[in-house]
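Scroll down for the structure; my scribbles are underneath it.
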Amino acid sequence: MNPMPSSARSGPPRRRGIARDLLWHGLNLGLPLLFVVLPILSFVLVSFWTLKDGQIVHVLTLANYRAFFTEGSYLQVYLSTLALSAQVTLINVVLATAIAVFIFRRTPRTRFLILMSFMLPLFMSYIIKIYSIRSILGQRGLLNEGLLALGLIDQPIEALLFSRTAIFIALAVLYLPYAILPIYLALDRIPANYLAASADLGATPLQALRDIVLPLGRPGIAAGAVFTFILTFGDFVTPQMVGGTQGFTFGRIVFSQFGLALNWPLGSALAVILLATTLLAVALAGLTLRREHVR
Amino acid sequence: GPKGEVRLLAYEGYADPAWVEEFEKETGITVKVTYVGGVDEQIAKMKASNGKDYDVVTVDTASLKAFADQKLIAPIDKEKLTSAKNLLPDFQPMSNATFGGATYGVPWAWGSLGMVYDKKTFPTAPDSWEVLWDPRFKGKVISLDDANNDINFGAIALGIKDPFNLTDAQLAQVKDKLIALKKNLLTYFAGFDEGTTIWSENDVVLMFSMGELAAINLQKKGFDVGYVIPKEGAVGWLDNLTVSAGTDNTDAAYAWMNFALQKKIGADMAKKYGYGATTDAPQGMDYASRLIWAQNPEDYTRRQAIWNEVKAAN
Amino acid sequence: MQPLLHLENISKRYGSVRVLDGIDITVADNEFLTILGPSGSGKTTILRIIGGFEGIDGGRLMFEGRDLASVPINRRPFNTVFQDYALFHHMNVAENVGYGLKVRGRPKAEIAAKVADVLETVGLGALGARYPAQLSGGQRQRVALARAIICEPRLILLDEPLSALDVELRAQMQRFLKSLQRRLGIAFVFITHDQEEAIALSDRIIVVHRGRIEQEGAPEQLYRRPRTPFTAAFLGENNLIPGTLTSAEGAVCQVETAAGRLQATVDGPVPSPGSPVLLAVRPEHITLTANPAPGALLAEVAEIRFLGANILIELRHPALPDTLLKVRRLADGGTTGLRIGQSLAIGWAAADAALLAAS
Amino acid sequence: MQPLLHLENISKRYGSVRVLDGIDITVADNEFLTILGPSGSGKTTILRIIGGFEGIDGGRLMFEGRDLASVPINRRPFNTVFQDYALFHHMNVAENVGYGLKVRGRPKAEIAAKVADVLETVGLGALGARYPAQLSGGQRQRVALARAIICEPRLILLDEPLSALDVELRAQMQRFLKSLQRRLGIAFVFITHDQEEAIALSDRIIVVHRGRIEQEGAPEQLYRRPRTPFTAAFLGENNLIPGTLTSAEGAVCQVETAAGRLQATVDGPVPSPGSPVLLAVRPEHITLTANPAPGALLAEVAEIRFLGANILIELRHPALPDTLLKVRRLADGGTTGLRIGQSLAIGWAAADAALLAAS
Amino acid sequence: MKQKAPLIDALLGLIAMAGLIALYAPLVAVAALSFFQILRVRGVMGFAPFSLEPYVALIANGEILAALATSLIVAVVASLASLVLALMFAFYFVSARRGFGLMMQVMVFLPFLLPPIITGLSLLIAFREIEFSRGLATIIVGHIVFIVPVVYRTVLVRLQLLGGSLTEASLDLGASQAQTLIHVILPQMRPALISGVLLAFAISFDETLITLFVAGSETTLPIRLWAMMRVGFVPEINALATLILVFTAVITVAIGLLQRSPAGHAS
Ligand SMILES: Nc1ncnc2c1ncn2[C@@H]1O[C@H](COP(=O)(O)OP(=O)(O)OP(=O)(O)O)[C@@H](O)[C@H]1O
Ligand SMILES: Nc1ncnc2c1ncn2[C@@H]1O[C@H](COP(=O)(O)OP(=O)(O)OP(=O)(O)O)[C@@H](O)[C@H]1O
Ligand SMILES: NCCCCNCCCN
Ligand SMILES: [Mg+2]
Ligand SMILES: [Mg+2]
């Protein structure tokens, strides 16, 4: 059911002048069209051009898309970035769901504060945080030095930084709050008496989690997954800074085409591919929500 | 921008607040500085706005031609550049910044992409870039991440005489060389600071650096490091002051350039940031003659593609 | 014999509001117990405490002699039909109903069969695939009922489970509940506002008032022998006439009222003469005569209300201006002659007038 | 005279399910109209269409001659008491009740005064500061009621507004609604499952069955003269005996049934002899005699159920094995002698047995 | 009522605790380093004694403070505007015909789905084309375009779970759509709105790559940091980051305390 009854669906009648109707559609379709689609559209066009001797050739061709599949290491980097983001998304959604459920099980009074304590880290610049993560995890970083000083180890642990694992950890930490918030907000709407009823029917807390909490939290979980996937798929700064020689990702390749390489056509095509990927992720998340029966 | 304003697109350290303050007091022109992190962002930004957002842009000699070809910067009007006389004689001809009969930049700051080494590990300075490939130092080497300069560096390390005009065969050679280096690398880094920070937090003994500042900063932090230009040579970079093609305020642009090219400003920059000034012989930077001064390379696009493959290689 | 369930001296507070006070209730095996009381008297709270949804501030809750304090909701062999149904909106009717079996790990085929069976019983055989949002109020209530009974618990807690059903369905569900009780030996704790329903279904009724137990007993006993004015007025209709006790001869007392001296029968100890009392006469026990004998109580017909099977006649006595005397008659044509304004003699057998201590 | 509200030939579908079909209802100014029907028959849907919450698939909705199609919910001079209350849980009771006035921009003082007044009326004077979650079911229902009436709309739509209230409160609210109707000249469209309530309150009752109107009329008329078996069975209890019409003399007909030849009175056109009919006798119209005259209908007492003011006696006739004949008596002691198993003669006046065409 | 589940709660608590530690470790390190700077003597790590020097230096660093001010203005305006827009879009999605809603949704989501450089460049080119000079306004627009999808999603999840009956009741009582929005819908969505706006603020406050392009000569804090990365952060950056965090925490706690819902505001 819709919070706002409307005339458009088979809902109740509602008087609204044609002018108001136009304004409403205009605002909602016009604004994004003007500020988003039109500006971006040119890049889609550019993606079908090519570069020859440093100059753009204005002839439509699929060359850039072909290049993605056949030349260099675009496809390989794309796939490994995809895998990385998928892994981070998976682990973050699991963690964020656990944390959201944890918050949900607190008393109503404390929930908001706990939630906010998970959001607070977003207020520190991620660049500073990455620097900080590095100075903690470095071979001569705070962690190693601390452990050495305490005598817990006698050689610095080497493997903490500059590896795929490091990227994984850093991305997970940086983007965890983005997953927690939507999931929690969905859980927060679960009627209290549903839990009473499921317990009454004999469900263990775990079963209640499986049958009530998680299904009803699904829109939030999907949103959290989409956030995490998209943000990590596009982020090349973090991998580059903590990933060592493994820190090369697809976003970086896209970015590099717009610098001195001046290869906007290829860059645009790669961006379109990135867009298609993220769109697909959104669509997939949408699919899991199809069977949504709202009260 | 408004008449009484000059807009700079610059790197960190090229518009010190003290200078800005002095300039504003002197001329009544307000200074607006926009900092960028690298030349890639700079050119993307300039291209998308046709240079209309800035009056003065600092561009290094290696990318000047690209900026000029894209019509992002305008030729220098030497008449208006009254401070040109302050330039050291070496920089007076501005030859690096001249092509197609026009001069596009005024030399402003320079440095080298040399090697930083740990003095404990190397009681005497390594004399060849080859040491970076030495398996003994696996995982203790870090390298600058810069498509163009890394290829220059690879070519230099291979002993190629003209690193700016590489043949296909040479490029392939350089690529393999750089991929081979990866095995020894702990990581790449992107700026002076990243290099020094990573050095100080990890067990690093060798660095293909972004310049003198890396060594200076490490020494300030208490690390016993040295800076050397190996026998193969090293890229010398030279950043130029240029006038944006999109400016509608040429006078203010020249006012800033004339102000910046004073000897005292150059001296202050050298002191504060460790860059070589073009108006004053810098202390300790006595190796200018051994540097291979950066030039516009044969094909940026190509180089970017190759560099991407290097970085993607396993 | 040990009761199935024993609420011992339970008290409960919400903040500073005390909603239950010294509640003591036993439920025997296979008993149909109804809790009756005005809105806000604490009925739902009692049920929620039994179900384990609310903590208590005093007393104990014993099930077959074991303290339930440490038994979590899902281990209590009870099921509840919630006042607001609490159907899972993301499950369809069949899934809702089968949920209790599913969490017990029963095989799918068994669940499907039982669900179909129970849905048939509550008259929703065709609606298994619907979602709660697609049901009417009464249909939802039946789903809630089906969901609770499918597990065949030892005790079912029902909070007004039939309130949204029409008479026919209601009668049918009542029969169903009774048969369930008989067939499965389940005990019921039932909340209803419908007194006929309470009387018809219950083995025992507990009347709750302001968080305390007012009176309890078998339906007929409670109806016929209320011991407090509250019970007298609350369970079924009653005519309450205030007065003063003048004398008593055995159980039969003389009461001085504004309308004159009236007779009543007391159940239990006789109050001392001179104490204020209430005389309670059921509307169906009042006789009406058109030709009054001398000295008879005369009243004037104020309203005649057709109620279907019954007719309610309201009469005004000049000495009792604040209360209308209610008289109930079968709508069998016997009252056809009555007219508003008509004066009638009213009377009742002394045995039918109960004497209560005024509170 | 133009009706206040006119539902013209309304039909409504949910997907492929047709829930309303050719519904035609008028509501007159100041009328108390009750919609009665089994669970799921479409009552709530009718109310929601009037309120503007549901669109329609056919027909028109006219208010004082104007088509309401383009009038949004908030401009309709109606207020609704929802079946699930729909209280704003983030507002306290007073804020909930005052909401309609607040959005009309009334001054705070006026709102406070009116809210206090209305809360007093529904017996919640002290609970203005509570939140809905802190109320009992019945208390919530009263808040919903208070919230709807405070704006004094032209028409109030009530979806089982009294179902969660106990008898006493219910009677009090019924009186209150009636007085409201009289005092403010408001019209009511009322849904209830309680037939006594429907009969007592309504000026007119509409019986809905499977999305169609079955019959409508004044309560007594509908009760006494049902025209379809459904109405006969649904509104109040009835004993329905199937048979075949053999002959008719005026309105009085002879019906051949399994239990023998019986008499009934037909309302309206007489069916042709030989057609299958139902004979409907109300439980309160059946007389019981211990000493049967020869040829009398004999039945055996199967159950005696005490209902409070009434007693329900169920009898079994050997020729009618599937149906128990229900007989209602006042619980005034007149049935004390009855015992289960006893054989009695049953009878009724021909005028009290209605003849219906079997459907 | 809450079903007791000590084991599950312990496990969840453990995860939450681990999450908090992971999230806060970098923050705590930054805060600590703002008071105790790392000092290495010949490569061996040590700490300088406690000092407020970075804080003193921060007060004197006009450039950074100006960048901070710009960032604050941008973040406040952009997050509030995003909230309003996100709400509008969410209502549109639930009320308009499905096709229109999806169309709007895809468009709104685009900037979030694309690499920021594309979003940044495309906006920059668009601004150039309409001769809209780059400045605070363009940064704000850039941020809004990027933030709206996040807030929209957050708000929509909540809105879709709201259910219609309270809205119906409000309209029934004569409230206009706007009144219903203000008195009924928004209060119900309060947690989503507050956290949505905080999230928006946080994203805007830290947005780098899009800002890089749409900025004219205005400099936000992240841009300043981005550029500073080349030569190194001055110590006052740690002080600044610490202060921002403390302020945010204080504000959040204050909101949290104001948020307290009425007792038992359960279902
Ligand atoms: N969204 C829906 N989709 C499909 N069927 C629906 C939907 N909503 C209601 N129905 C069906 O429409 C019919 C009429 O529903 P309605 O709520 O009007 O019944 P009602 O007469 O009010 O019943 P009750 O007395 O039980 O409240 C029911 O059979 C119900 O199952
Ligand atoms: N959370 C709460 N805070 C304060 N008072 C409450 C709370 N919950 C219930 N109450 C009060 O406790 C009393 C008992 O409530 P309960 O729900 O048990 O009543 P009830 O007998 O079921 O009434 P009804 O017949 O109306 O459903 C009521 O007066 C109610 O207002
Ligand atoms: N911070 C000033 C350093 C400038 C170095 N410019 C080198 C350009 C290499 N692309
Ligand atoms: Mg209750
Ligand atoms: Mg209904």
Side-chain angles (χ1 to χ4, degrees), chain A residues 1-6 9-12 97 100-101 104-109 183 185-223 285-295, chain C residues 44 47-54 71-93 95-106 111 129-135 140 143-159:
Chain A
M1 203 180 287
N2 303 321
M4 272 296 191
S6 78
R9 291 195 188 160
S10 82
T97 305
V101 172
F104 175 62
R105 288 182 60 82
R106 301 307 98 200
T107 62
R109 271 174 222 293
I183 300 178
L185 287 176
L187 300 189
D188 190 46
R189 282 300 303 167
I190 297 176
N193 64 4
Y194 282 24
L195 294 174
S198 81
D200 180 74
L201 291 166
T204 62
L206 215 56
Q207 287 171 320
L209 200 62
R210 179 195 65 191
D211 300 328
I212 312 295
V213 177
L214 294 184
L216 292 176
R218 207 165 41 180
I221 294 174
L287 273 189
T288 70
L289 296 181
R290 277 248 305 276
R291 226 187 58 147
E292 199 41 46
H293 287 270
V294 183
R295 281 159 297 159
Chain C
T44 295
L47 227 64
R48 290 179 58 83
I49 286 172
I50 300 176
F53 313 118
E54 296 286 352
V71 180
I73 304 170
N74 58 313
R75 296 269 182 68
R76 302 192 178 192
F78 315 152
N79 281 136
T80 306
V81 180
F82 292 85
Q83 192 165 10
D84 60 357
Y85 320 151
L87 299 181
F88 307 130
H89 70 254
H90 61 297
M91 299 184 190
N92 67 22
V93 167
E95 287 164 344
N96 263 285
V97 174
Y99 188 69
L101 298 178
K102 176 179 161 191
V103 297
R104 282 177 182 75
R106 297 291 171 74
I111 298 180
R130 288 260 189 101
Y131 282 82
Q134 301 172 313
L135 299 179
R140 281 178 217 176
V143 175
L145 192 59
R147 191 175 66 172
I149 59 181
I150 200 168
C151 298
E152 304 183 354
R154 298 289 304 278
L155 177 69
I156 293 194
L157 308 167
L158 306 110
D159 201 347

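Side chains are part of it too, since the values below use all heavy atoms of this structure and drop only hydrogens, waters and symmetry mates. From a predicted model like this one, the values you see are computed outputs, not experimental measurements. Below, chains carry the letters A, B, ... as their sequence lines are ordered, and counting in each starts from 1.
Distance CG/A:Leu195 to CZ/C:Phe53: 11.0 Å, rounded to 0.5 Å. Atoms CD1 and CG, on C:Ile73 and A:Asp200 in that order, are 7.5 Å from each other to the nearest 0.5 Å. The CG atom of A:Asp211 sits 5.0 Å away from the CE atom of C:Met91 when rounded to the nearest 0.5 Å.
Nearest approach of A:Leu216 to C:His89, heavy atoms of both residues: CD2-NE2, 3.4 Å.
Classified by interplanar angle (parallel below 30°, tilted 30° to 60°, perpendicular above 60°), the ring pair C:His90/A:Tyr194 is parallel.
Residues passing the side-chain contact (heavy atoms from CB on, under 4.5 Å) test with C:Ala86, sequence neighbours excluded: A:Asn193, A:Ala197, C:Phe82, C:Asp84, C:Arg147.
Neither the backbone nor the side chain of C:Leu157 comes within less than 4.5 Å of any heavy atom of chain A.
Taking 4.5 Å as the limit, every side-chain heavy atom of A:Ser198 sits out of range of all side-chain heavy atoms of C:Asn74.
Heavy-atom contacts from other residues, nucleotides or ligands closer than 6.0 Å to CZ of C:Arg104 number more than 12.
The residue among C:Ile150, C:Val103, C:Thr80 with the most heavy atom pairs within less than 4.5 Å of chain A is C:Val103.
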